Amino acid sequence: MKVSLFITCLSDALYPRVGEAMVRLLARYGVQVEFPKVQTCCGQPAFNSGYWKEARETASTILEAFEDCDFVISPSGSCTGMIHHYPKLFEHDPVMLEKAIKLQQKSYEFTQFLVQVLGITDVGAAFPHKVTYHPSCHGSRLLGVKEEPLLLMEQVKGMELVPLPFANDCCGFGGTFAVKMSDISGAMVTEKADHVLETEAEVLVGLDLACLMNIAGNLRYRDKPVRVMHLAELLYEGVKGA
Amino acid sequence: MSGATQTNLGTVKERAGLALNNDFLRKAVKFTTERLRTGKEKAAADHGNWDEWRERGRQIRLHTIAHLDYYLNLFVENARANGVHIHFAETAAEAVEISLAIAKQVEARTVVKSKSMVTEELHLNHALESIDVEAIETDLGEYIIQLAGEAPSHIIIPAIHKNRYQIAELLSADAGETLAPDTQILAGFVRRKLREKFLEADIGMTGCNFAIAETGSMVLFENEGNARMVSTVPKTQITLMGMERIIPSFEDLEVMATLLPRSATGQKLTVYMSGISGPRREVDADGPDEMHIIIVDNGRSLQLGDPEFQELLNCIRCGACLNACPVYRHIGGHAYGGTYSGPIGAVLTPALKKNIAEWDDIANASSLCGACYEACPVKIPLHEMLVYLRRRKLEAGRGDKLEAIGMKGFAAVMKNSKRFGAVLKIGKLGQKLVVRDGGIRSKIGPLKGWNSYRVTPSLPSESFREKWPTMEQEIRHGLQEMDPAVKSRMEAIVRERQSGGNGGKGNGGHGHHG
């Protein structure tokens, strides 16, 4: 069984600790994760902006990197979701299309892999803090990852999970949207951060680093000391401490 | 009363800027959309089989649009047999021309209108005024924005951007006395005033929620009873309908009557649902002597046969996507610049206008979060269509030059992992100039928009790919034995995948292409 890590460019560049938490957590279950170095970015920024030629060039690195593994896991519902767009992106190229369909079938977001593939919901973590959870749009709506993170969080000992008001609302990231329509995006992230603050949680947890970077950036801009974590980090920290 | 001048100016970004600085508007829109979407979510949950009915609704719409020529002909034949005059209008100008010709023919002085988005699309009130026919909106929200000289900012709640104090001010001016900002008092005033207008009017003008092919009937959904007055009191009725409003049968209407009110306002049923199958017969106590239906194309048929946009014609105009949209909530409807606003407007307006230049920036006003798709009672993948619009804009050579250079650069770096690694190293050196306390706060150049609301994280000392060789060694040492049960689960999934199954993967996801 070959399990490969699709680190995503954001985690690679800015949040290596999240990828590290994932692979170290999985090692506890005997899952030896490979890291194919030829991967870069899923191509979503180009795809969503309409630059499909550029998106195909970038996506090719992902198709190549994961051609010969059994499972692909990533710390992002959005980037995994982008892989689900590959068949459309390569619809006019039969060779790449076949690869795209194969990749889509074996790609999993991190919590999907833990719960659906490994059948694990209790990783044995303890995390005695007040936590709120933001379900990212692409992961929850487009990839359908709704139950998995909740099942995992339910089992964390000592953790108080408080509901985030209007949790399903977008945080306003939206890739290039945050730059092109910065004031609309700014209004959205401010509203999201307001909701986080209303919960009085110490920690905001999520499954997508782009959304978390966005919300964390706004909280920090406003000097609000909420700790923002990916669920993989939270679980791994909880396992080490337990 | 003029059309809304404020909707036709500038770019979506400029118009959104106006809205973002208008606290009244933002509060009013947020208040009502929150009430509506919460109501919708509850109504969907109470229904019990919402997703199944959504799929039914989608299938009815897909089927009808795929056979639109057949059902449209059937509708026309049946309506004509019922004594309805049917007109076809290929363009907005033709629809206006036909409407005005009827108004002239019956020597109309006033027209009472029930709520109709298609007449907004045609700017029909304006046209009627140009031949000295007074057009009076009789839906409360439409009446308010007509007084304000604005266009509707929401498909079903036209005055959603106004609070009751602003509305009291407008209606007080209309009444010639001060009316208290109390909903009952304000609605009571409009009700009394419109009663006279219904009795005087020469023409009743309506839109059409659904046209039933098997009987040639048109069906109206409303909550105020004004559409029923409009369609029973005046001697002449003119109904304007988009050519895609057709459904095959009354059986299909049951599905639509379940989906539409719940999606729009969270109501289980609409307050009034009128089915009108023709002019007054001798046995009828009321109804128009003459009835016209104008079937409007105005860009709709351009979507037929376009695999990426045909589903747009499935829309039943419930407004659920507007209520769910976080962008709409912050900028309101006028910022979209067209008759239709919110996610559906962002796609429909350019599509109806053949994606021409003046509309090509609207598709950027979305974070592609998919809330519209999730809210849509007939599952139109608007978030995907927005991406297709962006792509088509580039294909038409209308892209932003600077962005194109940026994207070329992005691809040049990202198509090769060594280059990507090198860029990360350069970034780590370069950021030393701007990083303070582990974050970047500079608002220079491209960082301005982002950093006006956020602090950007700095690059850590090592990227994942730099850390990996050491990490991999450590992990190999400490690797646990795999639980045989877990191993056999994994093997089973791979086997199932190879035999054509989906490898035990959940199928909760939405919105994948094809």
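Proteins come first, then strands; the chains are lettered A, B, ... in the order of their sequence lines, and each starts at number 1. No experiment lies behind these values; they were computed from the predicted model shown. Values below: every heavy atom of this structure, side chains too, minus hydrogens, waters and symmetry copies.
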Test: A:Arg28 cationic atom under 6.0 Å from A:Tyr236 six-membered ring centre, within 45° of axis: no
Measure distances from B:Asn21 to the heavy atoms of chain A and classify the residue's part below 4.5 Å as side chain, backbone, both or neither. neither
Under 4.5 Å heavy-atom distance to chain B, tell me which part of A:Ser185 shows up: side chain, backbone, both or neither. both
Can you tell me which portion of A:Ser49 sits under 4.5 Å from chain B's heavy atoms? Options are side chain, backbone, both or neither. both
Chain A contact via B:Glu308 - side chain, backbone, both or neither, heavy atoms under 4.5 Å: side chain
Which atoms of B:Thr456 come close to chain A, meaning under 4.5 Å heavy atom to heavy atom: side chain ones, backbone ones, both, or neither? neither
Return the CG to OG distance between A:Asp208 and A:Ser78, rounded to the nearest 0.5 Å. 5.0 Å
Measuring from atom NZ of B:Lys415 to atom CZ of A:Arg56, what distance do you get when rounded to the nearest 0.5 angstrom? 13.0 Å
Report yes or no: is the cationic atom of A:Lys88 (NZ for Lys, CZ for Arg) under 6.0 Å from the centre of the six-membered ring of B:Tyr388, at an angle within 45° of the ring normal? yes
Mind ranking B:Glu481, B:Met482, B:Lys487, B:Met414 by heavy-atom pairs under 4.5 Å with chain A and telling me who comes out on top? B:Met414
Using non-hydrogen atoms only, which part of A:Cys9 is less than 4.5 Å away from chain B: side chain, backbone, both, or neither? both
Would you kindly say whether A:Thr40 and A:Thr61 are connected by a side-chain donor-acceptor distance under 3.5 Å? yes
Counting neighbours of CD on B:Glu462 that are heavy atoms of other residues, nucleotides or ligands and sit closer than 6.0 Å, is the number greater than 12? yes
As an exercise, state the distance from OG1 of B:Thr38 to CD of B:Glu34, rounded to the nearest 0.5 Å. 6.5 Å
May I ask you to check whether A:Tyr51 and B:Phe410 place their ring centres under 6.0 Å from each other? no
Please state whether the side chain, the backbone, both or neither of B:Ala363 comes within less than 4.5 Å of a heavy atom of chain A. neither
Turns out that what part of B:Ala16 lies under 4.5 Å from chain A's heavy atoms comes down to side chain
Is it the side chain or the backbone of A:Ile215 that comes within 4.5 Å of chain B heavy atoms, both, or neither? neither
Turns out that what part of A:Val18 lies under 4.5 Å from chain B's heavy atoms comes down to neither
Are the charged groups of B:Glu466 and B:Lys428 less than 4.0 angstrom apart, N to O? yes
Part of A:Tyr29 within contact of chain B (heavy atom distance under 4.5 Å): backbone
In terms of heavy-atom pairs under 4.5 Å with chain B, which of A:Cys41, A:Ala187, A:Ala193 leads? A:Ala187
Could A:Glu57 and A:Lys53 be called an ion pair, given the rule that one side-chain N must be under 4.0 Å from one carboxylate O? yes
Please classify the contact between A:Met1 and chain B as side chain, backbone, both or neither, with a heavy-atom cut-off of under 4.5 Å. side chain
Flag for A:Asn214-B:Arg454: side-chain donor and acceptor within less than 3.5 Å: yes
Comparing A:Cys137, A:Gly217, A:Ser182, A:Gly174 against chain B, the one with the most heavy-atom pairs below 4.5 Å turns out to be A:Gly217
Most contact-rich option vs chain B, by heavy-atom pairs under 4.5 angstrom, among A:Ile120, A:Ile62, A:Leu14, A:Val3, is A:Leu14
When the aromatic ring centroids of A:Tyr15 and A:His230 are compared, is their separation below 6.0 Å? no
Under a 4.5 Å heavy-atom cutoff, which of A:Val23, A:Thr190, A:Asn168 has the most pairs with chain B? A:Val23
Winner by heavy-atom pair count (cut-off under 4.5 Å) against chain A, out of B:Trp450, B:Trp468, B:Phe420: B:Trp468
Can you tell which part of B:Leu368 gets under 4.5 Å to a heavy atom of chain A, answering side chain, backbone, both or neither? both
How many angstroms lie between CG in A:Asp70 and CE in B:Met490, if you round to the nearest 0.5 Å? 7.5 Å
Between B:Arg476, B:Lys418, B:Lys408, the one whose heavy-atom pairs under 4.5 Å with chain A are most numerous: B:Arg476
Pick one of side chain, backbone, both or neither for B:Leu424, based on which atoms fall under 4.5 Å of a heavy atom in chain A. side chain
Using non-hydrogen atoms only, which part of A:Ile7 is less than 4.5 Å away from chain B: side chain, backbone, both, or neither? side chain
Chain A: which of B:Arg419, B:Arg329, B:Lys30 shares the most heavy-atom pairs with it under 4.5 Å? B:Arg329
Can you tell me how far the NZ atom of A:Lys192 sits from the CZ atom of A:Phe173, to the nearest 0.5 Å? 15.0 Å
Does a donor on one side chain sit under 3.5 Å from an acceptor on the other, for B:Asn451 and B:Ser442? no
Output, in order, the C-alpha distance, side-chain angles, deciding distance and verdict of salt bridge (charged side-chain N to carboxylate O under 4.0 Å, His left out) for A:Asp194 and A:Arg222. CA-CA 10 Å; A:Asp194 285 344; A:Arg222 296 158 67 181; 2.4 Å; yes
Out of B:Cys325, B:Ser366, B:Gly449, return the one with the most heavy atom pairs under 4.5 angstrom to chain A. B:Ser366
Okay, A:Glu191 and chain B: the region with an atom under 4.5 Å from a heavy atom over there is side chain
Chain A contact via B:Leu20 - which portion, at a heavy-atom distance below 4.5 Å: side chain
Which residue out of B:Glu491, B:Arg391, B:Lys13 racks up the most heavy-atom pairs below 4.5 Å with chain A? B:Arg391
Please determine, among A:Thr176, A:Val115, A:Leu219, A:Val31, the option with the most heavy-atom pairs under 4.5 Å with chain B. A:Val31
Side chain, backbone, both or neither: which part of A:Asp183 has an atom under 4.5 Å from a heavy atom of chain B? both
Electrostatic pair A:Lys146-B:Glu374, nearest N-O below 4.0 angstrom: yes
